[in-house]
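Since the model is a prediction, treat every value here as computed from it, not as a measurement.
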There are 2 protein chains.
Amino acid sequence: MSDCAQCVVRNRAICSGLSPEELLALGQKGRKQTVKRGQTLVWEGDDSLVVANVISGVLKLSVSTADGREQIVGIVFPSDFIGRPFGKESPYSVTALSDAEVCVFHRSTFDQFAREHPELQHKLLQRTLIELDEARQWMMLLGKKTAEERIATLLIRISERLSADGCTGPLLNLDEFELPMDRQQMADILGLTIETVSRQLTRIKSSGVIALPDRRRVVIHDRQALLDLAEAA
Amino acid sequence: MSDCAQCVVRNRAICSGLSPEELLALGQKGRKQTVKRGQTLVWEGDDSLVVANVISGVLKLSVSTADGREQIVGIVFPSDFIGRPFGKESPYSVTALSDAEVCVFHRSTFDQFAREHPELQHKLLQRTLIELDEARQWMMLLGKKTAEERIATLLIRISERLSADGCTGPLLNLDEFELPMDRQQMADILGLTIETVSRQLTRIKSSGVIALPDRRRVVIHDRQALLDLAEAA
DNA sequence: CGTTCAATTGACTCGGTTCAAACGCCGTGG
DNA sequence: CCACGGCGTTTGAACCGAGTCAATTGAACG
């Protein structure tokens with residue numbers, strides 16, 4: 001049980017819009033849990049037993065082939081919802097990219113609560129529709145974009161998402177941020193190899209559009225040029 | 001206004017589960033419309049003015065880059081829902097692959113009706129969650145699968161979907177069906193070119209796993225082998 | 001038949017992968 | 001203080017799967 005009224009994602013998570021009483025009732029069904037970097041919260045193919053709100057940290061959603069190829073199908077930030085409500089098994093794994101805090105519910109408990117609270121269900125629907133739109137944008141990237149366009153698109157998306165959430169940390173603005181993932185994970189998101197990611201980053205850096213002060217940090221010097229490299233959509 | 005009680009997708013579309021009175025109320029807000037093959041119902045980036053249920057035919061959802069590359073991000077079959085409820089503009093175009101019949105609603109009218117009918121909203125949520133799962137499976141395909149795996153996966157998926165809907169037409173079973181799209185569209189779904197699609201189809205045909213009696217028809221001779229080629233997930 | 005247009009096939013190219021080596025940052029211990 | 005490893009990343013060189021461009025086939029239709 002958590003004190004939802006104090007929650008840092010209170011106004012952005014799906015719980016926003018619930019009345020104080022509803023919030024209390026929902027809060028009593030959930031509990032706060034910490035997840036260490038690298039730890040997997042849900043496994044692909046396993047029974048979908050929990051859903052959760054992300055309070056802090058960044059997590060990945062991924063699916064794998066039998067022979068071990070992995071594709072990251074989503075990145076989850078604070079205030080985002082994770083898990084597969086109303087479904088028997090999870091179609092993807094959920095793994096922490098950084099240490100994270102999540103607010104977890106038993107899926108069945110959450111499902112029932114959602115069915116009884118149309119406002120919550122509406123919030124969940126809105127969010128799912130947005131995720132679907134984003135997944136489809138990503139399909140365009142994976143199906144038709146070049147390596148350079150993919151890298152540029154990823155940098156733009158991350159910078160936008162981090163700044164929207166105020167997750168960039170102290171002294172940072174929209175144009176300087178920390179990547180929440182390593183090169184291998186960038187490759188798994190973009191459908192590329194680690195070498196191609198590295199080469200393209202170097203290329204874009206050489207052109208002066210971005211700087212890479214260290215392996216995790218990115219500075220966007222010319223956002224418009226980066227947007228042009230990302231080629232629309 | 002349509003007579004929903006007679007509708008062929010009555011039991012599979014999101015309208016299933018509505019009471020007779022609700023169904024009547026909803027039916028009065030919608031109208032049946034025919035869409036000719038090749039006609040675009042909604043344009044990417046346009047205001048999202050309509051949503052619809054598909055009654056017959058097959059449609060594609062697609063997004064394009066500024067320089068004309070197109071990626072198909074979804075295929076829509078009878079009983080599926082199309083359009084972007086609760087959103088100002090449509091993130092993709094909707095175009096008929098075959099002549100089709102749809103049951104259209106003004107988006108704002110539908111949105112309001114949905115908000116007032118939690119059961120409908122729940123159906124819509126369920127459906128959106130399934131679409132999201134499918135989109136993510138497709139991201140794996142686009143990001144990590146080889147051309148041959150992509151073709152095999154597409155054939156499996158289409159055969160499953162067509163047979164589930166009983167759309168295969170008379171005298172056809174699960175292992176023989178008509179492709180609802182041409183080679184270019186297959187390429188746009190799979191993130192490949194028309195030549196690669198053609199070559200891989202020929203390869204799989206040569207191995208005896210499938211037959212291609214004519215340009216649109218597919219016969220699966222060895223479903224297990226095709227599943228193996230598709231490489232899981 | 002001749003026309004048309006989708007599909008196939010062939011030859012060549014190229015972007016991205018693969019495999020391998022070198023770099024550079026950082027923590028450890030001599 | 002500096003040598004030594006370890007690890008993530010970068011860089012290099014060769015390779016290959018899919019793309020590109022172009023020619024051919026073949027089914028449908030007037």
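Results of the side-chain contact (heavy atoms from CB on, under 4.5 Å) test with A:V9 over A:S79, A:S56, A:C15 single out A:S79 as the only residue that passes.
Going from atom CZ of B:R69 over to atom P of D:dA18 covers 19 Å, rounded to whole Å. When the C1' atom of D:dT9 is taken as reference, atom CZ of A:R217 falls 17 Å away, rounded to whole Å. Atoms CD (B:E148) and C1' (D:dG17) sit 12 Å apart, rounded to a whole Å. The nearest whole Å value for the distance from the CD1 atom in B:I194 to the P atom in C:dT9 is 13 Å. Note: CZ (B:R203) to C1' (C:dT9) measures 15 Å, nearest angstrom. Counting to the nearest Å, the P atom of D:dG17 and the NZ atom of B:K144 are 18 Å from each other. Following rounding to the nearest Å, B:E149 (CD) and D:dG17 (C1') show an atom-to-atom distance of 13 Å. B:L142 places its CG atom 17 Å from the C1' atom of C:dG16, with the value rounded to the nearest Å.
For B:R199 against C:dG10, a side-chain N or O and a base N or O form a donor-acceptor pair under 3.5 Å.
The distance from atom CG of B:L192 to atom CZ of B:R150, rounded to the nearest 0.5 Å, is 5.0 Å.
With respect to B:R217 and B:E178, a salt bridge is recorded, a charged nitrogen being found less than 4.0 Å from a carboxylate O.
Comparing atom distances between the B:T146 side chain and each of D:dG19, D:dA18, C:dA20 picks out D:dA18 as nearest.
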Going 5' to 3' through nucleotides 23-30 of chain D, assign each nucleotide B (protein heavy atom under 4.0 Å from a base atom), S (under 4.0 Å only from sugar-phosphate atoms) or - (no protein heavy atom that close). ---B----

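Close to D:dT10, at under 4.0 Å from its OP1 or OP2, lies a side-chain N or O of A:R183.
Mapping A:E195 and B:S198 onto DNA chain C by nearest heavy atom places B:S198 closer to the 5' end of the strand. Of the two residues contacting DNA chain C, namely B:T202 and A:T193, the nearest-nucleotide position lying further toward the 5' end is that of B:T202.
You'll find the side chain of B:V63 reaches within 4.5 Å of the side chain of A:Q137, heavy atoms only.
Checked against a 6.0 Å centroid threshold, the rings of A:F105 and A:F81 do not count as neighbours.
The heavy-atom pair separating A:A52 from A:V102 by the smallest distance is CB-CB, 4.2 Å.
Note on A:L192: only backbone sugar-phosphate atoms sit closer than 4.0 angstrom, heavy atoms only; bases stay farther off.
Annotation for B:H221: atom NE2 counts as buried by contact number, over 12 foreign heavy atoms lying within 6.0 Å.
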